[in-house]
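Per chain, numbering begins at 1; letters A, B, ... match sequence-line order.
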Number of protein chains: 2
Amino acid sequence: MTKKKISIKDIAKELGISITTISFIINGKAKEKRISETMIKTVEDYVAKVGYRPNYLAQSLRSGKSKVIVFMVEDISNSFFSNIARLIEERAYKSGYKIIYCSTENDADKAIELIQTFKNRNVDGFIITPTLGLEGEIKTLLSENFAVILFDRWIPSVECSHVIVENEKSCYEGTEYLIQNGCKRIVFVTLESEQTQMQDRLSGYKSAMKKHGLESLVFEEPFHTSSPDFMGDQIIDFLKSHEKVDAVFFATNYLAFEGLHAFRKMEVLIPEDLQVLSFDDHFFFGLHQPSISAIAQPIEQIAESLMNGILHQLNGVESTEVMKIELSNKLVKRGSTFRTV
Amino acid sequence: MTKKKISIKDIAKELGISITTISFIINGKAKEKRISETMIKTVEDYVAKVGYRPNYLAQSLRSGKSKVIVFMVEDISNSFFSNIARLIEERAYKSGYKIIYCSTENDADKAIELIQTFKNRNVDGFIITPTLGLEGEIKTLLSENFAVILFDRWIPSVECSHVIVENEKSCYEGTEYLIQNGCKRIVFVTLESEQTQMQDRLSGYKSAMKKHGLESLVFEEPFHTSSPDFMGDQIIDFLKSHEKVDAVFFATNYLAFEGLHAFRKMEVLIPEDLQVLSFDDHFFFGLHQPSISAIAQPIEQIAESLMNGILHQLNGVESTEVMKIELSNKLVKRGSTFRTV
DNA sequence: TTGAAAGCGGTACCAC
DNA sequence: GTGGTACCGCTTTCAA
């Protein structure tokens, strides 16, 4: 709009008043400070006319607040995270907060580095999917009174607010659903990961299998797969080397994509030869031929809980209570699973 | 780590030296300023010991630079954008820059608001997929010497660096490919949008059709579709109300997803009854049954060109030259298109 | 009701 | 080789 940056000083000089007065008016403290109506109007008009905007840096340097929340996830290009990101951004916006995204790539060093960086930028709060080894950093954050809320997974040893889903319960139910469909030999495909959400999913599967007196068949993909095909090949080997498998239950949707790719190569007939179920629904599952059954996480609710939680911490005065939220998932039944008995 | 924030002053006091010296050492100007080795070592050790990190806000308030680049796209949850985001983040990181993402949702007001906000945070550069109506804002940015680079689309009336792809050429070739496959009645499904990339794609299609003496059949989806099904139904109507259509060419992948969904409902046989081609490849196209042919944009090259361009502007002294880059796409032939003649 | 001035935590110019 | 100190632009006492 205008040419050069205009500061509060310029306005003061131009209007012949002090910067203090302007600051009060801009920050809505005019009434409180009993500034005259005339003065208020003069300043407001001028501010609007020149399109003045206070410099955020200076503001937050002085106030220690920045109205910025960091949204730190494992991988922002993962649709689960980017969808939540969008919802959060929207709500944050309404409350006058900005969101800064970043991806940790599950690398604790990178995560720590990012947290340090953002602390130095005076961000007010953090929404984090913690990587392993972030425990100390989170504790520090908490002790420094930053607003922090974890999601997707959490850290048992740290008393920190979090929003997660019923991983264990849903996987238990999902497994039981496959069993009810007549499957006996069910393979659970997961990542070799100690993250709580992965462990809980695995454990839900195992409990269900055990309860029904079935043998657990777990395929763990090493965390860093160089190529997507790699896992595809491995799972083919796994299936071939095991007695006929009735169903495969994937612990995340991207594992399912790799698996489906592999099944394509093997020319397996779904669901006739193999039933397929995946954790974490994805719109492609509805488009896939056949459509793939999945356990859908309540994206909107997660986003809402996160924002409520963090805003609560941000506004709340010394509300030390830790907020632990666990949301329910929904089993979406589609073509890849069906009752044979 | 430590308890309270430690500032350069604390270090000065503790070590009994001036903050100036410390500042020099921290900023690698020790040699230049001929600070003694002993002093350097003392300071560096102490800094490492207490884990001191300069406050970025203060730094950038003073220097006017922030080492931050804004990556402003239409929708960060769109995989095309989020994939580029990741690549860019990686490269930026190596050059000591941080990336801040945000989505405009194609809303010029929101975009302007965001740009204003970031200007006030002293960001150094902007990577933008411009919405319509952003012309003035971009011009201002340029005149204020911010580093700016547009991508995906551009603004003809503004002399601004940009990285785009050969939309017209690729769509011309894609259309011709369908024609060579024996298709005559080819529908081009696009958005009702004046954005350059959409216009160019449409125009490529039209030229090809015209050259081969075929009639252009264009279906334009109104920009804001309330539900994904909406367009699906509309395209079914469109196809039904037209003489037998041989092929559908989608201008973006999400349009293709909607379309494929509709074709599913119609029980159309692909490619026998209908050949399908889409602009902007997506990993799901390879998984779909049948796999979907697509025009793949060179993601890595785009990301690389963007970073090169912006870093060039950031480092370059008065390099007023505008950088216009147009990259080539690749036609990926899959099961949804095949030669019938 | 308004204004002066002291910071916030650095950087950079200029002395010593 | 080091140190003093005037800013950067704003918020926030405290005085007037």
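Comment: Glu159(A) engages Lys324(A) in a salt bridge, judged by a side-chain N to carboxylate O separation of less than 4.0 angstrom. Using a 4.0 Å cut-off between charged side-chain N and carboxylate O, Glu105(B) and Arg86(A) make a salt bridge.
One interatomic measurement links the two molecules: CG of Asn122(B) to P of dG9(C), which rounds to 18 Å at whole-angstrom precision. In this entry the distance linking CE of Met39(A) with C1' of dT2(C) reads 9 Å, nearest Å. Atom CZ of Phe24(A) is separated from atom P of dT2(C) by 11 Å (rounded to the nearest Å). One atom, NZ of Lys29(A), and another, P of dT13(D), lie 8 Å apart when rounded to the nearest Å. Remark: P of dA12(C) and NZ of Lys65(B) are 12 Å apart, rounded to the nearest angstrom. Remark: P of dC13(C) and CD of Glu32(B) are 10 Å apart, rounded to the nearest angstrom. The interatomic distance linking Lys13(B) (NZ) with dG9(C) (C1') rounds to 13 Å, in whole Å. Rounded to a whole Å, the CD1 atom of Ile25(A) is 13 Å from the P atom of dT1(C).
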Distances for protein N or O near nucleotides 8-10 of chain D N or O, under 3.5 Å:
residue	atom	partner	partner atom	Å
dG9(D)	N2	Ala58(A)	O	3.4
dC10(D)	OP1	Tyr52(A)	OH	2.5
dC10(D)	OP1	Asn55(A)	N	3.1
dC10(D)	OP2	Ile8(A)	N	2.6

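The ring-ring contact (aromatic ring centres under 6.0 Å, His included) check on Tyr101(B) picks up nothing, with sequence neighbours excluded. Partners of Phe24(B) according to the ring-ring contact (aromatic ring centres under 6.0 Å, His included) rule, which considers only residues two or more places apart in sequence or in another chain, do not exist here.
Annotation: proximity of residues 40-48 of chain A to DNA chain D (heavy atom, distance under 4.0 Å) is found for no residue.
Defined by atom type and a distance below 3.5 Å, a donor-acceptor pair is present between the side-chain atoms of Asn106(B) and Gln195(B). Side-chain contact of Thr131(A) with Glu74(A): a donor-acceptor pair under 3.5 Å is absent, judged by distance alone.
Over its full length, the helix from dT1(C)-dA16(D) to dC16(C)-dG1(D) turns its helical axis through 50°, comparing axes from the five pairs at each end and rounding to 10°.
By the 4.5 Å heavy-atom criterion applied to side chains, Ser77(A) and Phe81(B) are not counted as neighbours.
Taking only distance into account, the side chain of Thr21(A) never meets the base of dG3(C) through a donor-acceptor pair shorter than 3.5 Å. The base of dA4(C) has none of its N or O atoms less than 3.5 Å from a complementary donor or acceptor on the side chain of Ser18(A).
Nearest heavy atoms, Arg121(B) versus Val68(A): NH2-CG2, 3.6 Å. A pairwise comparison of heavy atoms in Glu89(B) and Ile99(B) identifies CA-CG1, 3.9 Å as the closest pair.
A cation-pi contact links Lys110(B) to Tyr93(A), judged by a cut-off of 6.0 Å to the six-membered ring centre and 45° from its axis.
Among pairs with a residue in residues 53-70 of chain A, those fulfilling side chain to side chain donor-acceptor pair (under 3.5 Å) read Arg53(A)-Glu113(B), at least two apart in sequence or across chains.
Within the 4.0 Å cut-off from OP1 or OP2 of dA12(C), not a single side-chain nitrogen or oxygen of Thr20(B) is found.
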